[in-house]
K.L.:
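I have a structure here, written as structure tokens, and I will follow up with some questions on it.
All ligand and atom numbering here is 1-based and tracks the order in the structure.
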Amino acid sequence: MTNSHKNIERIIERLELLYECGLQEDGTHTRMAFSQEDQKGRALFETWCEEAGLTVRQDAAGNVIARLEGRQADSPAIIMGSHLDTVPDGGKFDGVLGCVSGLEVCQTLSESGRRCEHPLEVIVFSDEEGFRFSAGMVGSSAFVGEAQNMQADDLDITGARREDVYHNAGIDFHKMAEAKRSPETVHCCLELHVEQGGNLDQMGLPVGIVSSIAGVKRMQISVAGEANHAGSTRMDQRHDALVAAAKFIAQLPERVKTLGDQYTVGTVGMIHVEPSAVNVIPGACQFSLEIRDQEAKLMERLATALREDLDQICREAGVSYNWQEQLSHAPMPMHEGLKQLIKEQAEASSIPYTVLPSGAFHDSLLLAEHFPTAMIFVASVAGKSHCKEEYSRPEDLGLGFDLLLETVLAADQIKFFD
Ligand code: GLV
Ligand code: MN
Ligand code: MN
């Protein structure tokens, strides 16, 4: 079964319609998790699922679970999950492709009168991106029963309380653990996603099979110095929090290159200065620090070395600091049997592919620890992602969809994944 124009056209049309749900007054597009725009996108997606004959429910973590029953009552489900929330002014494909393509698999089979043995579930996981509260994969964490470091009183980037934000999105913060899914009810999980890097595009390949997903550590660092008059405080009398933070940030790229390997990355993506006035020496500075790699031990070593760097810089500057880990996930290989199955489908359908690691994280990072899980990547043109230039070619999307569909059909014939 290979893709028809109808599949690609419907996938692309839905990507566009969901993108428009995130339209902001300033012309940018963002579906921040739990925002009105996110709710609008999810509602639209639910409508499509219902029209296609899937039953739709939301679990206790706000994950949308759309289900098409299989021939065998009570057999474990084949899950196709991803996310619909975006980063600020993000693209059309990140996450959305996996949700829309999962639905397309179900709809294609229904429309051609076919039914799998296993139930098929398309899951929209809540808050995958995590920029709102600084830690993502919220829905998938609850789904696998992993408690995250979250408090009801945590504030989001707008100053709103977590419990209130969740309440407005129909989620009871105190009951999220009820979303835990028991492993016997899951046959396997497959996520189709754009690569978000330029490897496939450079190799001229439409799709990739993910070998493993990078681990991620996120820290919130607060540097405390002394606010003082910017005119009358001599340079040798200052305890400038921003200068200390800036020194650490400026040397980060070289430190990561020196201490890491080809996959290691380190990023400071957010910074806040207090009191943030032209004529006041910064008394406090908070910034985020994120490190990612394919090797858990290397990540630990790097985190320790960076903390020592910060310690030394702060001591020399006469300021203090607080290092708080907000998120930590080890790198995760994808399921061997499923990867093999995807390879066989690619070869049988003459779809050119390679096997490559993912530098971005995905809900599959968490799913893989609990259920047989694998990912298929579609080439991202020029490796652009988390920006509005994110783009994948229709023909590559079509091949990615074909590979997902064929893998679902093949997985359906497998009794049990070890
Ligand atoms: C999610 O897309 C991430 O990798 O930050
Ligand atoms: Mn994503
Ligand atoms: Mn993303």
K.L.:
For the residue pair Arg292 and Tyr263, would you count it as a cation-pi contact if the rule is NZ or CZ under 6.0 angstrom from the ring centre and within 45 degrees of the ring axis?
P.N.:
no
K.L.:
Answer with side chain, backbone, both or neither: which part of His386 has a heavy atom less than 4.0 angstrom from an atom of ligand 1?
P.N.:
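Contact part for His386 vs ligand 1: side chain (C-beta onward).
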K.L.:
Using heavy atoms and a 4.0 Å limit, tell me yes or no: is Arg292 in contact with ligand 1?
P.N.:
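It does, in that a heavy atom of Arg292 comes within the 4.0 Å cut-off of ligand 1.
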K.L.:
Can you tell me how the ring of Phe173 sits relative to the ring of Tyr166, calling it parallel under 30°, perpendicular over 60° and tilted otherwise?
P.N.:
tilted
K.L.:
Would you say the side chains of Asp94 and His83 form a donor-acceptor pair under 3.5 Å?
P.N.:
yes
K.L.:
For Glu178, is there an ion pair with Lys175 - N to carboxylate O distance below 4.0 angstrom?
P.N.:
no
K.L.:
Check Glu129 and report its N/O/S atom nearest to the Mn ion (ligand 3), by atom name.
P.N.:
OE2
K.L.:
For ligand 1, is there an N or O atom under 3.5 Å from any N or O atom of Gln196?
P.N.:
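No; every N/O pair is 3.5 Å or more apart.
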K.L.:
I'd like to know: is the Mn ion (ligand 2) within the 2.8 Å range of an N/O/S atom from His362, strictly under that distance?
P.N.:
no
K.L.:
For ligand 1, which is the ligand I care about here, please tell me if Ala360 has any N or O atom under 3.5 Å from one of the ligand's N or O atoms.
P.N.:
no
K.L.:
Take the Mn ion (ligand 2) as the vertex and measure to NE2 of His193 and NE2 of His83; round to 10°.
P.N.:
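Roughly 120°, rounded to 10°.
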K.L.:
Are Asp309 and Arg255 ion-paired here, with the side-chain N under 4.0 Å from a carboxylate O?
P.N.:
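Result for this pair is yes, salt bridge flagged.
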K.L.:
Can you tell me how the ring of Phe287 sits relative to the ring of Phe248, calling it parallel under 30°, perpendicular over 60° and tilted otherwise?
P.N.:
tilted
K.L.:
Flag Asp94 as yes if one of its N/O/S atoms falls below 2.8 Å of the Mn ion (ligand 3), otherwise no.
P.N.:
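A backbone or side-chain N, O or S atom of Asp94 is under 2.8 Å from the Mn ion (ligand 3).
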K.L.:
Charged N to carboxylate O under 4.0 angstrom, Glu16 versus Lys92?
P.N.:
yes
K.L.:
State the atoms of ligand 1, each with its element, that fall below the 4.0 Å cut-off from a heavy-atom position in Glu129.
P.N.:
1 (C), 2 (O)
